[in-house]
Amino acid sequence: MQKKTKLITMSNAINEALHFSMKKDKNLLCFGLGTTDPKGIFSTTINLEKKFGKDRVFDVPASENALTGISVGLSLEKIRSVVSHQRLDFFLLAMDQLVNNAAKWYFTFSQPVPITIRLIIGRGWGQGPTHSQNLHSWFAHIPGLKVVIPSNPRDAKDLLISSIFDPNPVIFIEHRWLHEMEGNINKKTEIKKLDNLGKCKIIEKGNKLTIVASSYLVHEARIALRYLKKFKIDCELIDLRVIKPLDWKTIEKSVKKTGNLLVLDTGSDTLSFASEIISSISIRLFQYLKNPPVKLTMPDIPEPASYGLTKGFYIRPKNIAEKIIKILNIKDGNILKLIQKEPNPHDIPGSWFKGPF
Amino acid sequence: MQKKTKLITMSNAINEALHFSMKKDKNLLCFGLGTTDPKGIFSTTINLEKKFGKDRVFDVPASENALTGISVGLSLEKIRSVVSHQRLDFFLLAMDQLVNNAAKWYFTFSQPVPITIRLIIGRGWGQGPTHSQNLHSWFAHIPGLKVVIPSNPRDAKDLLISSIFDPNPVIFIEHRWLHEMEGNINKKTEIKKLDNLGKCKIIEKGNKLTIVASSYLVHEARIALRYLKKFKIDCELIDLRVIKPLDWKTIEKSVKKTGNLLVLDTGSDTLSFASEIISSISIRLFQYLKNPPVKLTMPDIPEPASYGLTKGFYIRPKNIAEKIIKILNIKDGNILKLIQKEPNPHDIPGSWFKGPF
Amino acid sequence: MKKNSLISIWKNIFRIRYVEEKIAKEYYKGEMRCPTHLSIGQEAVPSVLDQFIQKTDLAVSGHRAHAHYLAKGGDLKKMLCEIFGKENGCAKGRGGSMHLIDRSVGFAGSTAIVANSIPIGVGIALAKKLKKKKDIVIIYFGDGAIEEGAFYESINFAILKKLPVFFICENNFYSVYTPLKYRQPKDRKIHKMVKGLGCPVFSTDGNDPFKIYEKISAAVKKIRSGKGPIFGEFYTYRHREHCGPNFDDNLNYRPKNDLKYWLEKDPLISLEKKIKKKKMIFLNMKNEKQKIINEVNEAFKFARKSKYPSYKITTRDIYAKKN
Amino acid sequence: MKKNSLISIWKNIFRIRYVEEKIAKEYYKGEMRCPTHLSIGQEAVPSVLDQFIQKTDLAVSGHRAHAHYLAKGGDLKKMLCEIFGKENGCAKGRGGSMHLIDRSVGFAGSTAIVANSIPIGVGIALAKKLKKKKDIVIIYFGDGAIEEGAFYESINFAILKKLPVFFICENNFYSVYTPLKYRQPKDRKIHKMVKGLGCPVFSTDGNDPFKIYEKISAAVKKIRSGKGPIFGEFYTYRHREHCGPNFDDNLNYRPKNDLKYWLEKDPLISLEKKIKKKKMIFLNMKNEKQKIINEVNEAFKFARKSKYPSYKITTRDIYAKKN
Ligand SMILES: Cc1ncc(C[n+]2csc(CCOP(=O)(O)OP(=O)(O)O)c2C)c(N)n1
Ligand SMILES: Cc1ncc(C[n+]2csc(CCOP(=O)(O)OP(=O)(O)O)c2C)c(N)n1
Ligand SMILES: [Mg+2]
Ligand SMILES: [Mg+2]
């Protein structure tokens with residue numbers, strides 16, 4: 001029998017989602033800086049132009065704000081579009097169109113605005129203060145937006161397709177360090193079987209503590225958990241996938257079971273999405289919590305460029321394991337002896353990354 | 001003996017702060033749409049141009065993004081400026097200059113960026129979805145910004161002066177409904193006696209519950225508390241004043257004392273600043289909390305324009321009192337009988353407001 | 001200009017004027033509770049444009065949109081209900097005066113942030129072009145809006161993609177109280193500046209229906225032929241305060257001479273004068289006026305009588321549902 | 001052009017070229033760990049401008065700023081340390097190649113978001129004007145940056161306020177891999193478009209120091225006299241990939257003919273040819289080269305030897321302190 005799944009990188013999965021969607025919806029457009037260039041936005045838009053033509057797939061002027069409004073205008077005429085930005089930071093130019101138009105249009109005028117905005121978060125290799133900011137909590141604060149943050153190829157593909165066919169504006173956030181990460185996806189995509197946006201996934205089952213993570217941190221958490229399992233410390237790991245609307249049920253069910261909560265976040269600490277989760281859980285499940293909830297977030301500073309300054313800057317399996325052990329009040333000082341430290345070099349996602357961008 | 005204080009509206013207090021600061025710092029500029037027009041941004045910029053001249057006080061093209069960058073550029077040459085926007089919503093056009101330049105410049109280049117950005121939040125009288133959004137939690141999420149939200153004339157004056165003379169970019173948020181509210185301020189301003197930004201104020205002392213509020217909600221909370229005092233329910237009310245950097249000490253001290261926390265917020269619920277407070281308190285003072293913390297925020301929808309739809313839309317003393325009574329588990333059903341309901345009309349700050357803006 | 005056109009233009013102007021005057025007169029009563037930017041004095045351009053466009057042509061606008069909405073055929077009752085905040089409002093009472101929409105006649109929406117519907121219009125035009133429709137898109141905005149980067153980015157894109165957009169700049173010389181000289185280079189002619197961007201342009205007296213007619217006639221034809229966008233600058237003047245029902249020239253922000261000049265060029269009065277001078281007494285002007293007056297009064301009554309939205313707005317209203 | 005100027009320009013160009021080539025050559029080693037946009041092929045404009053400006057004149061730039069920084073007199077060691085991420089870096093290692101600064105010579109900062117240092121430069125110019133200084137401000141950017149609304153808003157303000165800004169557009173025909181035709185109207189000349197905005201403009205061959213010299217000489221004089229901004233468009237070409245150390249013309253995104261044309265117009269090679277042709281053998285070119293090579297090699301050694309920042313960066317680093 002043939003296997004129903006295949007191993008694929010996340011950027012290829014995204015590319016497949018775009019091909020699939022453009023085939024399915026003959027009106028769907030795909031544009032943004034770099035969309036048709038030889039590198040195809042880290043390979044995610046490769047061959048789209050060839051396959052679907054210049055009318056539907058095109059490069060654009062550097063005009064992030066207008067382009068966002070243009071995608072809204074298209075959607076009002078029932079033309080969906082995927083607009084890509086190579087860094088989230090560039091998209092700050094477009095907040096007026098995003099918030100005042102895309103997010104509020106349906107509320108104000110009862111006309112849906114199905115657009116998908118892909119934003120890529122940089123990290124490491126000197127990306128520095130203006131190429132690595134993750135503002136997913138900004139987007140989640142805005143009524144009317146949906147916000148998706150996949151952590152693996154399967155989700156990236158499924159959720160991108162779901163985003164595209166959702167009747168609302170969706171912010172789709174890709175972590176640059178995940179692009180080359182491999183994972184299994186179904187060979188065949190059945191659109192009916194895809195989630196509506198708004199489901200978390202339990203990645204590891206466990207009873208002692210609930211860990212909520214998203215994006216790259218899901219992987220760091222898995223490494224930590226795999227390690228801790230050897231010591232019979234079994235935690236539940238939830239991958240958020242979609243942070244707005246949020247699947248509170250899955251998180252609450254898990255916290256009710258474990259009574260302990262650790263939330264990981266790739267954004268700055270103050271007003272991080274982790275804060276939102278801890279706040280809501282504290283409000284609603286106060287009596288279930290055995291210990292104070294804990295978060296592990298990026299500090300309230302931009303990412304510096306220097307290799308020296310980013311050493312120890314990121315959240316690693318060891319940091320996660322430390323928190324877990326502290327929350328669970330495990331005294332054995334030796335447990336953390338062998339856990340994976342920060343790899344060397346620490347500022348690249350893997351040996352495939354040769355810089356510079 | 002002459003009184004050392006005087007009664008003054010908040011818009012006059014702001015006007016005084018601007019006059020004071022421009023006199024003190026001969027380089028200080030004040031600009032933004034409407035700055036020199038006959039209405040003077042709700043009277044806050046009246047007479048500045050006459051007093052300090054066209055070079056230092058001027059109206060501008062509708063170019064919010066560039067103007068923000070221009071104020072950053074000025075600051076690099078040691079010229080401070082106050083840039084005013086009649087609605088916060090308009091300022092969404094300027095997020096690139098605010099976040100990528102103003103907020104990150106000092107971190108990146110070790111050169112201070114002393115600028116003050118005044119943003120006014122509309123409410124009621126059909127302001128609707130694009131003239132009434134309060135995004136203070138966005139600003140508080142950004143490393144490098146300071147965020148000030150005064151609730152009364154004295155604070156407005158003192159904090160605006162402190163903001164102007166702070167060496168960092170400060171977002172100064174004024175609630176339109178406070179502009180005509182009166183309060184006592186010192187006749188004489190002594191700059192040395194002013195706070196550095198980052199102090200909360202305890203507005204009412206109490207033992208049963210800590211209420212954290214800001215901006216217009218401080219007044220609604222006061223009404224609720226004054227009412228509840230008659231029933232011997234004494235709560236502590238903290239006015240945040242400056243939400244970044246935040247004076248955690250004052251809040252924590254109060255919660256340690258009362259063991260109960262209610263946070264009010266004029267922003268949308270998800271990722272509201274209330275969430276941040278509840279999250280941090282739950283993390284750090286878990287063992288002190290007698291009951292689950294509670295928040296009262298605006299719902300995750302824009303403000304609608306219609307008089308009909310805004311009925312019951314805002315947070316009022318009654319809503320606050322209800323929450324307090326619920327948290328404290330007070331069973332007397334009659335307590336709330338006489339508390340102030342929503343005034344009629346509910347969509348104006350007072351009879352002084354005749355519309356339309 | 002054919003007689004029929006003239007009649008229809010005059011009707012448009014008179015009707016808009018009457019609606020706006022009535023709003024102004026009754027605003028003080030406190031029933032129309034929203035920021036309201038009246039079109040009085042600026043009725044001519046949309047009233048003439050109406051001659052050349054169909055329902056399938058789409059229009060977007062900004063904060064001062066009443067005239068654009070009405071001339072496009074937007075439902076008067078729904079507009080008034082919106083301003084009154086009633087559930088029959090064209091935006092269900094959620095938007096108020098600055099957020100008008102009537103998709104059934106091709107009014108695609110007006111928004112309240114300066115210049116922010118311009119990219120929306122360009123996006124709609126891209127859709128029209130991709131669908132190989134002959135329809136055009138009208139984007140209305142003021143002399144202040146062209147100062148926003150959003151305008152510049154949008155028109156660049158429209159030119160680049162040869163989109164069927166009619167950019168209509170109603171230059172009334174002011175952005176709120178601020179005259180052009182504090183906002184734009186001395187001696188700039190906006191249309192010439194836009195020409196430099198690569199867009200065919202024209203300018204004309206925006207209060208003179210005959211001149212407007214001629215210019216717009218040619219422009220719409222050209223845009224419809226697929227040659228790309230055109231930018232028209234129309235000089236005009238608002239009679240009343242920027243936002244609200246009153247006159248505010250007691251504040252002395254506009255030169256008395258200008259004011260006088262433009263009030264004499266009131267599009268309604270001067271058109272009626274011309275009509276009379278040319279002895280083009282058609283049908284029965286008085287009768288026509290009365291019909292319009294009745295219609296408008298009726299609509300006001302309807303709006304007053306209409307209910308406030310009875311539902312409670314909740315977070316369920318924030319997302320569109322899949323169908 | 002005086003002989004001294006020519007020598008100095010050639011030195012600038014050669015020095016920048018040598019630095020950039022060395023970065024390119026050694027980038028693969030993985031010590032310079034940041035996105036790096038080389039100026040190779042585009043050295044001429046800043047190298048000539050250097051003749052007309054002082055330290056009190058300030059410059060800002062974007063992602064491709066090495067040449068601008070070096071020609072302005074920016075400290076080479078500090079620049080390399082920044083690229084190597086070392087604590088002696090001009091931005092203490094916080095910014096990397098795209099965030100250069102050297103206030104001591106008037107290089108006010110380069111930033112990495114397209115067009116986003118343009119308003120900063122305009123703000124600095126306003127400060128200069130208010131302080132009645134004779135200094136001018138140089139704003140460097142590319143042909144892509146002019147597509148951003150930020151550019152348009154900024155230049156409007158600079159014209160309006162007659163600010164002493166020299167807008168320098170290095171038009172290398174590409175924004176990353178994307179040619180002008182996908183981004184701007186056909187037949188647009190950027191400088192002509194900008195003229196329409198109300199700014200005096202000129203254009204010239206950005207690889208020919210003699211032509212640049214003539215144009216810049218007049219422009220700087222005029223700007224310094226207080227007549228407001230000038231916009232100069234300089235046609236030039238980048239030799240290597242948009243970001244990174246390699247050649248990438250194997251990807252075939254640029255017409256072979258163009259490439260050939262521009263490589264032949266390499267500012268260093270053609271200048272050296274001209275110098276030789278004119279028999280302007282000055283001093284000892286070989287000697288001068290060696291001096292520069294030694295200096296640069298020395299600086300690389302210094303950067304390599306320098307320490308990574310030894311402090312741990314914390315939230316204490318985020319706010320400036322009152323003094
Ligand atoms: C981005 C933004 N900035 C400021 C405002 C406030 N505002 C509302 S209308 C207006 C004037 C715009 O002038 P113009 O475009 O000429 O239109 P007019 O009112 O003259 O018709 C301004 C500045 C706004 N709504 N949005
Ligand atoms: C706002 C923004 N959009 C996109 C980018 C990605 N980007 C970096 S450099 C660049 C090209 C800009 O082209 P140009 O201004 O001509 O400069 P050049 O690289 O040709 O020197 C782009 C699009 C960015 N940094 N910022
Ligand atoms: Mg105007
Ligand atoms: Mg270029």
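Numbers restart at 1 for each chain; the letters A, B, ... are given by sequence-line order, proteins then strands.
Applying the 6.0 Å contact sphere to NZ of D:Lys189 captures no more than 12 heavy atoms from other residues, nucleotides or ligands. Around the NZ atom of D:Lys321, the shell of radius 6.0 Å holds more than 12 heavy atoms that belong to other residues, nucleotides or ligands. Taking a 6.0 Å sphere around NZ of A:Lys50, one finds it holds 12 or fewer heavy atoms contributed by other residues, nucleotides or ligands.
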**Request:** Quick one: do D:Glu147 and A:Val60 satisfy side-chain contact (heavy atoms from CB on, under 4.5 Å)? Show the steps, please.
**Result:** CA-CA 10 Å; D:Glu147 290 150 14; A:Val60 294; over 6 Å; no
**Message:** Evaluate D:Tyr177 against A:Thr36 for side-chain contact (heavy atoms from CB on, under 4.5 Å), listing each step before the verdict.
**Reply:** CA-CA 9 Å; D:Tyr177 293 102; A:Thr36 63; over 6 Å; no
**Request:** Evaluate the salt bridge (Lys or Arg N to Asp or Glu O under 4.0 Å) criterion for residues D:Arg33 and A:Asp347: first the C-alpha distance (whole Å), next the side-chain angles of each, then the deciding distance (0.1 Å), finally the verdict.
**Result:** CA-CA 9 Å; D:Arg33 300 172 87 81; A:Asp347 66 338; 2.7 Å; yes
**Stepwise side-chain contact (heavy atoms from CB on, under 4.5 Å) check, A:Leu33 with D:Thr178** = CA-CA 8 Å; A:Leu33 293 174; D:Thr178 313; 5.7 Å; no
**Message:** side-chain contact (heavy atoms from CB on, under 4.5 Å), that's the test. Do D:Ile113 and A:Phe90 meet it? Break it down for me.
**Reply:** CA-CA 6 Å; D:Ile113 305 289; A:Phe90 309 163; 3.7 Å; yes
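Ranked by heavy-atom pairs under 4.5 Å with chain A, the first of D:Arg94, D:His99, D:Lys312 is D:Arg94. By number of non-hydrogen pairs under 4.5 angstrom with chain A, the leading residue of D:Asp317, D:Val176, D:Asp248, D:Thr314 is D:Thr314. Counting heavy-atom pairs closer than 4.5 Å to chain A, the top-ranked of the candidates D:His37, D:Glu241, D:Arg183, D:Lys307 is D:Arg183. Note: D:Met98 leads D:Gln184, D:Lys86, D:Met32, D:Met98 in heavy-atom pairs under 4.5 Å with chain A.
Between D:Tyr182 and A:Phe58, the gap from one ring centroid to the other reaches at least 6.0 Å.
Residue D:Thr315 touches chain A through both its backbone and its side chain, counting heavy-atom pairs closer than 4.5 Å.
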